[in-house]
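Lettering of chains follows the sequences in order, A, B, ..., and the numbering in each one begins at 1.
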There are 2 protein chains.
Amino acid sequence: MHNVNMKAEQLHQLIWMSRPLMQAAESCVEDGLAGTNLTVRMRAVLEILHKYGEQTVPELAARLEIQRQYVQIMCNETLASGFIEQRANPRHKRSPILALTNQGSTLIEDILSNEMQIMQEMSEGLSTEDIATALKVVLFVVDGLKKRAGERK
Amino acid sequence: MHNVNMKAEQLHQLIWMSRPLMQAAESCVEDGLAGTNLTVRMRAVLEILHKYGEQTVPELAARLEIQRQYVQIMCNETLASGFIEQRANPRHKRSPILALTNQGSTLIEDILSNEMQIMQEMSEGLSTEDIATALKVVLFVVDGLKKRAGERK
DNA sequence: TCATATTGACATTATGCATGTCATTTTGAC
DNA sequence: GTCAAAATGACATGCATAATGTCAATATGA
């Protein structure tokens, strides 16, 4: 009985740490971008292209799960920066494929490796099992919350 | 060696689940507000007043860690709704104390209890230890990220 | 008393999206 | 090959959630 409330209480706390967690993570990423001429959203474009390879704006939008109109803007900015470039798309002549330039490729690899370095340093204070457990719990909770939101619709 | 990368990788995943987690949680809260004439930010005002008792706008702002000018707007809206009211502040005549009305008090208790119900249902799929571990890990990570951001400044 | 701080009110700006519309391709079914 | 439907880029608008700046009134405290 009391245990049930305890669990719910802790779960509640966990869920609402998501905001500070996100803010802290984002401002950390932002710090890592200092001196690169990149914005956070340009970094996001580079990251996806690095992770999943060259692709079009609509593909990127699907991957990022945000509207293509906004992704278009992000990509145009990134294009202007010279870290990505357009290549002819054999599958769709109006929608060029976006690809990292050498410069962009080097840059995003550098950034990601610095970020991973931070992850490694931080993970030293935690056990492998605890991290795995935390990830499992969070995935479970996100899933549960999404289902619940889905029901209502 | 490989284990180190594994940990970093999982930690990375965990951290970046914070955004979907937050979004899912917020849209769940929003669902719970349907039919109440409350907005999410009005709910936030009621929640703080319920949790920490009656207080002034600047106090609320400190608690929410957002600028008092914005909190002022939230509070004015909430005042207009009739769920909170102003009371004379003996400590500062220009800054009335905001307190829940009976209506507001009933409403926020109702909302919070529904939300806790959801927490309980969801926590059934998880063990007490796993939830505690997840919370511990997340707190540790937030702390670590904040320190890191703090250093740079 | 009087300099300083606090507060509410108001204005402006920024960020991160969602949504709508349009003209121009492009695609796919026939 | 034709043609309706879909995809795409470009542009406009709107909205929530703030941050920031300013001002006048008032309150505080030395």
Side-chain angles (χ1 to χ4, degrees), chain A residues 16 18-20 22-27 29-31 33 38-45 47-48 54-80 84-98 149 153, chain B residues 16 18-20 22-31 33-34 37-45 47-48 54-81 84-98 149 153:
Chain A
W16 293 109
S18 62
R19 178 187 289 270
M22 217 190 84
Q23 285 171 344
E26 287 189 346
S27 87
V29 164
E30 220 175 328
D31 283 354
L33 258 34
L38 277 184
T39 62
V40 174
R41 56 207 216 190
M42 286 160 67
R43 194 210 78 108
V45 172
E47 186 182 16
I48 301 292
E54 50 182 41
Q55 57 200 283
T56 64
V57 168
E59 281 167 349
L60 261 160
R63 203 87 73 171
L64 289 165
E65 291 181 87
I66 50 186
Q67 298 299 305
R68 73 183 173 83
Q69 288 89 337
Y70 186 58
V71 176
Q72 185 77 47
I73 291 169
M74 292 165 62
C75 288
N76 289 350
E77 281 174 11
T78 316
L79 275 166
I84 66 174
E85 62 186 8
Q86 296 182 327
R87 295 182 187 162
N89 183 358
R91 306 200 50 198
H92 197 302
K93 285 177 193 162
R94 249 203 114 190
S95 197
I97 290 173
L98 303 179
K153 284 214 164 169
Chain B
W16 294 108
S18 62
R19 179 187 290 269
M22 216 190 85
Q23 285 172 343
E26 288 188 346
S27 90
C28 216
V29 165
E30 220 175 328
D31 283 354
L33 258 35
N37 286 330
L38 275 186
T39 62
V40 175
R41 54 205 218 191
M42 285 159 70
R43 194 208 78 107
V45 171
E47 186 182 16
I48 301 291
E54 52 182 39
Q55 57 199 283
T56 64
V57 168
E59 280 166 350
L60 262 160
R63 203 86 74 170
L64 289 165
E65 291 180 86
I66 49 185
Q67 298 298 306
R68 73 183 174 83
Q69 287 89 338
Y70 186 57
V71 175
Q72 185 78 48
I73 291 170
M74 295 164 61
C75 288
N76 289 348
E77 280 174 13
T78 315
L79 276 165
S81 76
I84 65 173
E85 63 185 10
Q86 297 182 328
R87 294 183 188 162
N89 182 358
R91 305 202 49 198
H92 195 304
K93 285 177 193 162
R94 254 203 111 187
S95 197
I97 290 172
L98 303 179
K153 284 214 166 170

For a quick test of reading the model, state the closest non-hydrogen atom pair linking Met74(A) to Ala44(A) and the distance between them. CE-CB, 4.3 Å
Donor/acceptor link under 3.5 angstrom from Arg94(B) side chain onto base of dA27(D): no
Just the rounded figure in Å: distance from C1' of dA18(C) to CD of Glu30(B). 13 Å
If I take atom CD in residue Gln72(B) and atom C1' in nucleotide dG8(C), what distance separates them, rounded to the nearest angstrom? 5 Å
Distance in angstrom units between Gln55(A) CD and dT8(D) P, rounded: 12 Å
Smallest heavy-atom separation, Leu60(A) atom then Cys75(A) atom, equals CD1-SG, 3.6 Å
Partners passing side-chain hydrogen bond (donor to acceptor under 3.5 Å, both in side chains) against Gln67(A) (at least two apart in sequence or in another chain): none
Assign Val40(B) to base, sugar-phosphate, or nothing according to its heavy-atom contacts below 4.0 angstrom with the strands shown. nothing
OP1 or OP2 of dT26(C) sitting under 4.0 Å from any side-chain N/O of Ser95(A)? no
I'd like to check the side-chain hydrogen bond (donor to acceptor under 3.5 Å, both in side chains) partners of Glu30(A); sequence neighbours left out, ordered by chain and number. none
For Ile73(A) and dG9(D), what is the distance between atoms CD1 and P respectively, to the nearest whole Å? 13 Å
Which sits closer to the 5' end of DNA chain D, Val57(A) or Arg41(B), going by the nucleotide each is nearest to? Val57(A)
Would Glu59(B) and Ile97(B) satisfy side-chain contact (heavy atoms from CB on, under 4.5 Å), going step by step from the backbone distance to the final call? CA-CA 10 Å; Glu59(B) 280 166 350; Ile97(B) 290 172; over 6 Å; no
Specify the separation, in whole Å, of atom CG of Asn76(B) and atom P of dA18(D). 16 Å
How many whole angstroms separate atom CG of Leu60(B) from atom P of dA18(D)? 14 Å
Just the atom pairs and distances: protein N or O near nucleotides 19-22 of chain D's N or O, under 3.5 Å.
| unit_1 | atom_1 | unit_2 | atom_2 | d |
| --- | --- | --- | --- | --- |
| dA19(D) | OP2 | Gln67(B) | N | 2.8 |
| dG21(D) | O6 | Gln69(B) | NE2 | 3.2 |

Should the heavy atoms of other residues, nucleotides or ligands under 6.0 Å from CG of Asn37(B) be counted, would the total exceed 12? no
Just the rounded figure in Å: distance from P of dT28(D) to NZ of Lys93(B). 7 Å
What is the separation between atom CE on Met22(A) and atom C1' on dA18(D), rounded to the nearest whole Å? 13 Å
Working to the nearest 0.5 Å, report the span between CD of Gln86(A) and OG1 of Thr56(A). 11.5 Å
